[in-house]
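Below is one structure, written out as structure tokens; the observations come after it.
Note that the structure is predicted; figures quoted are calculated from it, not measured. Counting convention: from 1, in listed order, for ligands and their atoms alike.
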Amino acid sequence: MTNFQGPVDATKVPRYGGPATFARLPRIDEVARADVAVIGVPFDSGVSYRPGARFGPGHIRASSKLLRPYNPVQDIEPFALQQVADAGDIACNPFDILEAVQQIDLGVREVLSAGAKPLTIGGDHTIALPLLRVMHEAHGPIAVVHFDAHLDTWDTYFGAPITHGTPFRRASEEGLIDQTGSLHVGIRGSLYSREDLTDDQVLGFQVIGAHQFDDHGWRGAVERIKARVGDRPTYVSLDIDVLDPAFAPGTGTPEAGGLTSRELLQMLRAFAELNLVGADIVEVAPAYDHAEVTGIAAAHAAYELVSAMAPRTDGSSTDGVRADG
Ligand SMILES: N=C(N)NCCCC(=O)O
Ligand SMILES: [Zn+2]
Ligand SMILES: [Zn+2]
């Protein structure tokens with residue numbers, strides 16, 4: 001028996017009906033407290049190319065209806081081991097980035113101070129800056145595992161310092177990230193210049209490029225991530241464009257040669273061994289999606305992250321291959 005309120009039972013209420021919350025979970029006002037809060041941030045005024053990630057939260061929720069209670073690879077019921085609830089969307093100003101950043105800061109702060117780990121569904125990558133500010137306030141410098149095709153450590157766009165291409169430079173400058181424990185995973189595509197990489201290194205990031213998956217696979221990436229992050233408080237920022245456009249067409253700045261959804265999910269499963277304090281999933285732009293491909297990938301990534309955050313009372317952990325034997 002569990003005290004936690006899980007999803008609406010899909011054997012009683014068909015899953016195409018029922019609540020529009022993430023995974024048909026309760027709203028946060030329907031539970032006494034939450035361990036993990038799924039927060040929507042419908043903001044995309046920081047994009048440099050295709051807009052539309054403001055519709056990401058609704059799309060990911062809609063694509064999460066098929067999630068079931070038992071996660072066989074992590075061998076847990078993530079919604080029975082902890083209270084997971086949907087905290088709704090943060091209302092943020094689409095015409096004023098600074099005000100939006102402030103609104104996101106306040107909204108996430110509220111959830112965190114009530115004792116919940118935030119799992120934010122965006123929104124463009126700009127939102128990582130206020131999220132990291134709040135995480136830093138709670139935990140000190142944060143080890144960031146950043147999945148992305150892009151470095152997002154550029155300086156400015158058209159003179160604007162706060163955009164979806166700049167959050168990790170600002171976060172590093174502000175001392176929010178642990179510069180000895182952070183890395184980007186899945187980086188690929190053309191850059192502005194060679195200095196992009198040297199700047200990035202100075203800002204405190206290591207890089208696991210998408211091309212390295214051919215030689216070392218997701219297991220090699222997990223080994224490097226674990227070695228770098230250790231038991232530091234760790235934040236996962238997941239830009240869905242880390243996936244190949246074949247697996248995530250619905251995004252604003254797609255780049256060829258990305259990861260498969262299977263590789264991504266395997267890595268996230270292995271994060272049960274990390275000290276996860278929060279996560280975001282950003283850059284889902286449904287106007288470019290087909291057949292919910294991107295939404296489903298994002299929803300499944302969220303499910304693995306929620307599972308990885310679950311307390312393991314038996315002291316067990318997973319290396320992400322449990323169901324392989
Ligand atoms: N954060 C994302 N998805 N993209 C950043 C791309 C920045 C650029 O236009 O060069
Ligand atoms: Zn990004
Ligand atoms: Zn990106």
Could you tell me whether the side chain of Tyr157 and the main chain of His164 form a donor-acceptor pair under 3.5 Å?
no
Ignoring hydrogens and angles, state whether a donor on the side chain of Glu99 or Asn93 is under 3.5 Å from an acceptor on the partner side chain.
yes
Hey, can you tell me if His184 and Phe205 have their rings parallel, tilted or perpendicular (30° and 60° cut-offs)?
parallel
Tabulate distances under 3.5 Å between N/O atoms of ligand 1 and N/O atoms of the protein, writing both atom names on each line.
from	atom 1	to	atom 2	distance (Å)
ligand 1	1 (N)	Asp152	OD1	3.1
ligand 1	1 (N)	Asp152	OD2	2.9
ligand 1	1 (N)	His164	O	3.0
ligand 1	1 (N)	Asp239	OD2	3.4
ligand 1	3 (N)	Asp239	OD2	2.8
ligand 1	3 (N)	Asp241	OD2	2.9
ligand 1	3 (N)	Thr253	OG1	3.0
ligand 1	4 (N)	His150	ND1	3.4
ligand 1	4 (N)	Thr253	OG1	3.1
ligand 1	9 (O)	Ser48	OG	2.5
ligand 1	10 (O)	Tyr157	OH	2.9
ligand 1	10 (O)	Tyr192	OH	2.5

Check whether any side-chain N or O of Arg188 sits under 3.5 Å from a backbone N or O of Gly209 as a donor-acceptor pair, and report yes or no.
no
So among Gln102, Gln103, Arg109, which one has a side chain to side chain donor-acceptor pair (under 3.5 Å) with Asp105?
Arg109
Using a cut-off of 2.8 Å, how many protein N, O or S atoms sit around the Zn ion (ligand 3)?
5
Of Thr166, Leu176, Thr163, which is the lone residue that meets side-chain contact (heavy atoms from CB on, under 4.5 Å) with Leu129?
Leu176
Do Asp9 and Arg15 meet the salt-bridge criterion of a basic N to acidic O distance under 4.0 Å?
no
Do Ser237 and His125 have side-chain N/O donor and acceptor atoms under 3.5 Å apart?
yes
Under a plain distance cut-off of 3.5 Å, with no hydrogens placed, do His150 and Asp152 share a side-chain donor-acceptor pair?
no
